[in-house]
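What follows is a single structure, written as structure tokens, with notes after it.
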Amino acid sequence: MAGSSNLAPVSSIHTSSETGRLLTSETKCNSKEIDLDVSLPSPYSKSYLFELVIADKTHYRRFLYISLTLAFVVLALGLVLHFLPENNRHHGHSKNLTLALNQAIAFFDAQKSGSYPSNSPISFRGSSGLQDGNSSNIHADLVGGFYDSGNNIKFTFPAAYTITLLSWSVVEYHRKYADIGELEHIKDVIKWGSDYLLKVFVPPTAKFDPSLLYSQVGSAGNDTKNPVPNDINCWQRPEDMRYKRPVSVCNETASDLAGEIVAALSAASIVFKQENEYSQRLLKKAEQIYEITAKEDRIHRAITYTTIDACGGEARKFYGSSGYKDELVWAATWLFFATGNHTFLDYATTNFAAAADDETTTDKGIFYWNNKLATNAVLFTRLRFFRDLGFPYENVLALSTNMIDQLMCSYLSKQNFNRTPGGLILLSPGTGGPLQFAATASFLSKLYNDYLTLFRRSSWNCTNDGFSLEMLQSFSTSQINYILGDNPRKMSYMVGFGDHYPTHVHHRTASIPWDGQYHSCAEGDRWLHSQDQNPNVLLGAMVAGPDQFDDFSDEREKTWFTEPSIAGNAGLVAALIAHHDPPRSSASNGPNLGLDIMGIFEKVHLNS
């Protein structure tokens, strides 16, 4: 209040250390309007007698009013802090995550293939791929789905992973999505993908006929001597495609592909449980694929190693799967949650150890399109914490909890995984695109943090140290903040967020003007090699990211820096919604985390 000309002058009082007498300090605020006659007691007295004479009652009342007001404000702040949930009190987020989520989801609108919706928020897209599936080698309706990245190929394997992960984020955090007005948006994206996945499986037409799985639409081409236009060598908008788009076909022995499709359809069926007819349609297809694929007498193979030449196509190069056991366990787990049928949980828990043994060294601790082991352990731990089914599952569920505890320790200890100087965790430094791995690590660590909070477990021990929820929260938040601009380059690696983001994204649609003109394959190099910024802002696209030294080159031709993908953005969306503030009100009696802890168990009951 110093410096206010309207305040009445007051006297300040101090004691002389030598005599113990009260002295008046003469300052510019000094006044003779208050006369204090104070009798000092003995140093050993337990009571004091004060005789105060109020010379100016107006100033005295003003003093009382101000004092009472300040006391009320302090009390109110204390009450607010006392009743504010622990997770909200200490871990506020400085980024506008509502805007970030809206943009990150909008990226999927820009990736849609098929008959383009007129109400899309993306103004530089139109209908495309309307003849997909009707090629020289196959005749099927494969219209729809998503283009994978900056090219015009549709890969089923990462698309199914994308739908599984997005669906999982809705199952957990649908209250948050609804609170910020994004629930219908994300459900539209999921339905667009699940509608396509319903088309990619063809059951056998006769008793001994194989089932068919369409793994890819579009091609990179293999003939270097006589190249023909295709989805890689043509830098062309999907709306302008005139070249042939072959279809890659697998059978049920491509167990990784089949398993991921089953997981996606099962998880999506939970998302759409209020739309019973559609939910049951998804679930029926999932069970049908699973029944054919998971039979013990089948020959299981990953699509990378299958003996069917046409299976995989460019997926062998771009999305080479290292195994199938984790996908089959992943599929059975989601089928269990979707149906409550313990047969699926029996399969998942019985085969979990084999899937763990099958995990490659380079994939340990990483959640992405090729490895679902850690996420299976997260779901098993969720089951153990909040719906423990007891015998015969307790040993596997306990093993899963230990596995996830150790994974969280590895994220925090900095001994298992290196980091860039700016703090980005490098989970798979040899493969490039570090942001997709950091995003899923952020999602898993925040989700597990929420589980532990609700389970009222605040810390745990690791091999060499102990860690707390605050440390786990700090790690998960740091990775999202890095992606959104808290890095040495002060660059948001999500396009359109903040003031500084990549403007030369490796993406055909973003780089070619939406001018109403047809642009041929031959014209493509003009846009690919242009030094100009992309004419269309690919809102919400998370690019591959920086290198191990935090360096980044915003060049369209350098895909390892600037290319986005639907699989990468799925992890980003999941991490963003996990970190978003919960709704102000919650039906839960525990901490308000915006997490639907029991919804996933709606059909899960004790095995009688």
Side-chain angles (χ1 to χ4, degrees), residues 99-132 143-154 159 162 182 185-186 188-189 192-193 196 217-218 229 231-232 234-243 245 492-544 554-557 559 562-566 568-570 572-573:
L99 176 62
L101 265 166
N102 173 269
Q103 294 178 343
I105 298 171
F107 169 72
F108 294 97
D109 294 311
Q111 297 300 105
K112 287 179 177 177
S113 176
S115 183
Y116 204 71
S118 58
N119 63 345
S120 172
I122 307 301
S123 61
F124 53 88
R125 281 300 322 279
S127 296
S128 63
L130 299 180
Q131 297 300 313
D132 281 355
V143 176
F146 297 103
Y147 297 114
D148 176 67
S149 52
N151 57 54
N152 297 335
I153 300 178
K154 297 191 299 192
T162 295
E182 291 293 339
H185 191 185
I186 190 66
D188 172 76
V189 170
W192 192 275
Y196 180 75
V217 177
D231 293 284
I232 296 298
C234 270
W235 191 263
Q236 193 174 27
R237 294 181 308 209
E239 292 82 2
D240 294 336
M241 294 184 300
R242 299 292 187 270
Y243 46 80
R245 287 169 58 79
S492 166
Y493 290 112
M494 190 181 81
V495 177
F497 188 82
D499 299 324
H500 184 40
Y501 51 82
T503 58
H504 298 77
V505 181
H506 182 93
H507 195 275
R508 285 157 175 76
T509 299
S511 65
I512 301 174
W514 187 251
D515 53 8
Q517 304 295 316
Y518 170 79
H519 295 289
S520 68
C521 179
E523 295 179 69
D525 284 352
R526 170 188 174 189
W527 311 112
L528 171 61
H529 303 301
S530 171
Q531 299 301 308
D532 295 336
Q533 296 182 1
N534 288 347
N536 306 310
V537 178
L538 193 63
L539 205 63
M542 183 181 74
V543 296
D554 188 11
E555 297 180 48
R556 196 175 294 110
E557 295 179 71
T559 58
T562 60
E563 187 169 26
S565 70
I566 58 173
N569 253 67
L572 175 64
V573 168

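The shortest distance between side-chain heavy atoms of T509 and P238 falls below 4.5 Å. When side chains are defined from C-beta on, Q236 counts as touching Y243, because their heavy atoms get closer than 4.5 Å. The closest side-chain heavy-atom distance from I232 to N152 is not below 4.5 Å. Here the side chains of W527 and P513 are in contact, with some heavy-atom distance below 4.5 Å.
When ring centroids are compared, H529 and W235 stay outside the 6.0 Å threshold.
When every heavy atom of G126 is checked against every heavy atom of W514, the shortest pair comes out as N-CH2, 3.6 Å. Nearest heavy atom pair, residue P564 against residue L538, reads CG-CD2, 4.0 Å. Between W192 and G144, the closest heavy-atom pair is NE1-C, 4.3 Å. Of all heavy-atom pairs spanning I566 and F146, the tightest one is CD1-CB, 4.1 Å. In plain terms, the two heavy atoms of N569 and A104 that are nearest each other are ND2-O, 3.2 Å. Closest approach of Y493 and P502 over heavy atoms only: CA-CD, 4.3 Å.
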Between I122 and F108, does a side chain to side chain contact (heavy atoms under 4.5 Å, CB included) hold up when you go through it step by step? CA-CA 10 Å; I122 307 301; F108 294 97; over 6 Å; no
Begin with the C-alpha distance, continue with both residues' side-chain angles, and end with the deciding distance and a verdict on side chain to side chain donor-acceptor pair (under 3.5 Å) for Y116 and S127. CA-CA 4 Å; Y116 204 71; S127 296; over 6 Å; no
Run S128 and Y147 through side chain to side chain donor-acceptor pair (under 3.5 Å) and show every step you take. CA-CA 10 Å; S128 63; Y147 297 114; 2.7 Å; yes
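The main-chain N or O of H504 is never found under 3.5 Å from a side-chain atom of E555 such that the two would form a donor-acceptor pair. The closest donor-acceptor contact from the side chain of D148 to the backbone of S565 lies at 3.5 Å or more, if one exists at all. Under the 3.5 Å distance criterion, the side-chain polar atoms of D240 are matched with a main-chain donor or acceptor of H519.
S120 contributes atom OG, which lies 8.0 Å from atom CZ of R125 (distance to the nearest 0.5 angstrom). Atom SG of C234 sits about 11.5 Å away from atom CZ of R242, to the nearest 0.5 Å. Rounding to the nearest 0.5 Å gives a distance of 9.0 Å between OG of S492 and OH of Y501. Rounding to the nearest 0.5 Å gives a distance of 6.5 Å between CE of M494 and CG of L99. To the nearest 0.5 Å, atom OG of residue S149 and atom CZ of residue R508 are 8.0 Å apart.
For the side-chain hydrogen bond (donor to acceptor under 3.5 Å, both in side chains) test with T503, the passing option among D554, N534, D532 is D554; the others fail. Among the candidates V189, L539, D188, the single residue satisfying the side chain to side chain contact (heavy atoms under 4.5 Å, CB included) test with I105 is V189.
Under the salt bridge (Lys or Arg N to Asp or Glu O under 4.0 Å) criterion, D231 pairs with R245, sequence neighbours left out. In this view, Q531 satisfies the side-chain contact (heavy atoms from CB on, under 4.5 Å) rule with no residue, not counting sequence neighbours. By the side-chain contact (heavy atoms from CB on, under 4.5 Å) test, Q131 pairs with N134, sequence neighbours left out. With sequence neighbours left out, D515 forms a salt bridge (Lys or Arg N to Asp or Glu O under 4.0 Å) with R237. Scanning for side-chain contact (heavy atoms from CB on, under 4.5 Å) contacts around T559 gives H506, E563, with sequence neighbours left out.
In this structure, D132 pairs ionically with K154, as a charged nitrogen and a carboxylate oxygen lie closer than 4.0 Å.
Pairs passing the side chain to side chain donor-acceptor pair (under 3.5 Å) check and including a residue from residues 100-111, sequence neighbours excluded, read N102-E182, D109-K112, D109-H185, Q111-H507.
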